[in-house]
Amino acid sequence: MSFKRYQLVPGSNFFYSLFFGSKWVGLSNFRFLMLNPQMMRVVRNTVAYNLVFLILGIVVPVTIAVILSYVHSGVVRSIIQICMLLPHFMSWVIVSYFVYAFLAADRGMLNAVFENLGMPAVNFYLKPEVWPFILVLVQLWKTSGYSMLIYYAAICAIDSDLFDCAAIDGATVGQVIRYIILPQLKPMVVVLTLLNLGHILSTDFGLFYQVTRNAGSILSTTETIDVFVYKALMEQSNYGFSSAACLIQNGIGCILLIAANRMVKTISPEGGVL
């Protein structure tokens, strides 16, 4: 479909329409995609957000998992796990209403606080400069719990003899984390990082479309490839263009995954996922 101008043949199924009823256009869909004046901005947003999510998606969950491993109360530990994991099961539609309840210009909780402090109300949906921070915070709030649980499970699987030996040798908490916990978490971090690299040109559609409410005034900092392609598909019904974008996303992601895995294998033969 990426190399054709798909047209539905009346009375025929999808495959007949694709292979016999649609004109072969070669690289026209890719050329249209690359020459679009908005494409550079969209790619920049996609890659920048994914790099931030990749870094913070390791640092924040690992930090929380390490802290959780030092919580001795089972009840407190269970409460923290439930509170952290609960957002993972919420749909982005529900999350978008939570965000709107905080940021709405007329009835938002933040603007109510601003007014009580004598400050003017802020229409966040007209300020593109604040949305990178909002989106990063929302993404971390929703996804950190699941990643934290994975890292915490890896910490629980560490041989307890290592901790006993460290205690006998008089190791501090910082030394235990540096020389025991973090090295044991390294394989899991590598695997999750490699898997996320495969989606470097893909973003969570719900985060960038539902949470932002598709506000046109903030598209300069919130529009990613997935949102751009979706809007183009809905407005122009250009299936070939959308398929070409998906092919580029997955092709580059596959190349990055293989290259990163090869580098990991070179540094550490027992590492990697392939």
Side-chain angles (χ1 to χ4, degrees), residues 46-89 132-133 135-204 207 252-274:
T46 303
V47 175
Y49 278 117
N50 278 329
L51 288 177
V52 174
F53 293 160
L54 184 64
I55 296 172
L56 295 182
I58 295 173
V59 175
V60 174
V62 168
T63 302
I64 298 175
V66 171
I67 295 174
L68 192 63
S69 66
Y70 280 94
V71 176
H72 299 291
S73 174
V75 175
V76 175
R77 191 163 56 242
S78 298
I79 293 175
I80 294 175
Q81 290 177 351
I82 293 173
C83 293
M84 290 290 300
L85 194 59
L86 184 61
H88 173 74
F89 297 100
F133 303 98
L135 292 175
V136 170
L137 288 175
V138 173
Q139 170 74 6
L140 289 176
W141 173 74
K142 191 175 188 301
T143 62
S144 293
Y146 183 77
S147 301
M148 177 272 298
L149 199 62
I150 295 176
Y151 292 122
Y152 179 70
I155 294 175
C156 293
I158 298 176
D159 191 350
S160 59
D161 291 341
L162 295 176
F163 296 103
D164 294 337
C165 293
I168 294 173
D169 292 338
T172 63
V173 173
Q175 290 173 329
V176 171
I177 295 174
R178 179 179 178 182
Y179 296 107
I180 296 179
I181 295 179
L182 293 183
Q184 294 293 323
L185 289 180
K186 180 180 176 181
M188 184 63 67
V189 171
V190 170
V191 170
L192 294 181
T193 301
L194 289 177
L195 294 177
N196 288 329
L197 277 177
H199 301 281
I200 196 68
L201 287 182
S202 301
T203 52
D204 199 318
L207 173 63
I252 295 179
C254 181
I255 293 173
L256 287 175
L257 175 60
I258 295 174
N261 184 78
R262 182 67 60 85
M263 292 177 59
V264 171
K265 287 284 189 180
T266 303
I267 299 173
S268 178
E270 69 275 5
V273 295
L274 300 174

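One finds the OH atom of Tyr151 at 10.5 Å from the OG atom of Ser144 (value rounded to the nearest 0.5 Å). Between the CD1 atom in Ile55 and the CG atom in Asn196 there is a gap of 12.0 Å [rounded to 0.5 Å]. Distance check: Thr193 OG1 to Leu54 CG gives 5.5 Å after rounding to the nearest 0.5 Å. One distance of note links SG of Cys156 with CG of Leu68; it measures 8.0 Å at 0.5 Å rounding. Annotation: the span from Leu85 atom CG to Lys142 atom NZ amounts to 10.5 Å, rounded to 0.5 Å. The line from CG of Leu56 to OG of Ser147 is 11.5 Å long, rounded to the nearest 0.5 Å.
Considering only heavy atoms from C-beta on, Ile58 stays 4.5 Å or farther from Leu192 through its side chain. Put simply, the side chain of Ile80 does not reach to within 4.5 Å of the side chain of Tyr152, judged on heavy atoms. Ile181 has its side chain within reach of Phe163: a pair of non-hydrogen atoms, C-beta onward, lies under 4.5 Å apart. The shortest distance between side-chain heavy atoms of Leu197 and Asn261 does not fall below 4.5 Å. The closest side-chain heavy-atom distance from Leu162 to Gln184 is below 4.5 Å.
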Under the criterion side chain to side chain contact (heavy atoms under 4.5 Å, CB included), I'd like the reasoning laid out for Val62 against Leu182: C-alpha separation, chi angles, the key distance, then a yes or no. CA-CA 9 Å; Val62 168; Leu182 293 183; 4.1 Å; yes
List the steps and the verdict of side chain to side chain contact (heavy atoms under 4.5 Å, CB included) for Ile200 and Leu51. CA-CA 8 Å; Ile200 196 68; Leu51 288 177; 4.0 Å; yes
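Between the side chain of Asn50 and the main chain of Ser202, a donor-acceptor pair closer than 3.5 Å is present. A donor-acceptor contact shorter than 3.5 Å is absent between the side chain of Asp169 and the backbone of Ala171.
Between Ala154 and Leu185, the shortest heavy-atom distance links the atoms CB-CD2, 3.5 Å. Here the shortest heavy-atom pairing between Leu257 and Gly198 reads CB-CA, 4.5 Å. Here the closest non-hydrogen pair linking Met148 and Met84 is CE-CB, 3.6 Å. Across all their heavy atoms, Arg178 and Pro183 have their closest contact at O-CD, 3.2 Å.
The environment of Tyr70 atom OH is dense: over 12 non-hydrogen atoms of other residues, nucleotides or ligands sit within 6.0 angstrom.
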